[in-house]
Amino acid sequence: MYYIKTSPKVAKLLGHDSDRPVTADGNFLLWEGDMDDVSHDLNDALTQTGSVAITPEEAKSEQRGKSSIPLNDPTNDIYGSKETSVSESGVSTDSSSSAKEATASDDTNTSTDNKESEATV
């Protein structure tokens, strides 16, 4: 049995972006059967989506952030034309979001974090 490490975009397209584990690097761990929607040939599905098959031990290591096996480039443009990533809150976002929005969000989080830490001192 293998787990399938895949991008947030592939997980979303396959309908598993809310019911499968997320790795420390923001990718998803799917089950082999989840790839049947792409192809009943696992190797073909992996190639089309740029995903990789990993062992249960590797999956645990991925979740703990002890390893990060790189994904491949998808051969099917449907699965790789626009990157998405998962924010710390677990929300999937497009990488085309402006840096300005990300900076504003970081500033807000930082000031909130500072207030919380000041209140607990």
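Counting from 1, the numbers follow the sequence of the chain as shown. Small disclaimer: the values here were computed from a predicted structure and weren't measured.
Closest approach of I78 and L13 over heavy atoms only: O-CD1, 3.5 Å. Annotation for S67 and S61: closest pair OG-OG, 2.9 Å, computed over non-hydrogen atoms. Here the closest non-hydrogen pair linking S51 and T49 is OG-OG1, 2.7 Å.
With hydrogens and angles disregarded, a donor-acceptor distance shorter than 3.5 Å links the side chain of T75 to the backbone of T47. One N or O on the side chain of D41 and one on the backbone of D44 form a donor-acceptor pair closer than 3.5 Å. Judged by distance alone, the side chain of E58 and the main-chain N or O of T55 form a donor-acceptor pair under 3.5 Å.
For D25, the salt bridge (charged side-chain N to carboxylate O under 4.0 Å, His left out) test picks out K5, with sequence neighbours left out.
As a member of the Ile/Leu/Val/Met/Phe/Trp/Tyr network built from side-chain separations under 4.5 Å, I54 groups with M1, Y3, L29, W31, V52, I69, L71.
Open room surrounds CG on D73; 12 or fewer heavy atoms of other groups in view lie less than 6.0 Å from it.
Using a 4.5 Å heavy-atom cutoff, the side chains of F28 and P8 are in contact. For the pair Q48/P74, no side-chain contact is recorded, criterion being any heavy-atom separation below 4.5 Å from C-beta on.
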Q: For the pair L42 and I4, evaluate side chain to side chain contact (heavy atoms under 4.5 Å, CB included) and give the outcome as yes or no after the intermediate values.
A: CA-CA 10 Å; L42 182 59; I4 309 304; 4.0 Å; yes

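Residues D17 and K9 are not paired through a salt bridge, judged by the lack of any N-O separation under 4.0 Å between the basic side chain and the carboxylate.
Atoms CG and OG1, on L46 and T6 in that order, are 8.5 Å from each other to the nearest 0.5 Å.
Residues Y2 and V22 fall into different hydrophobic clusters, defined by Ile, Leu, Val, Met, Phe, Trp and Tyr side chains chained together at heavy-atom separations under 4.5 Å.
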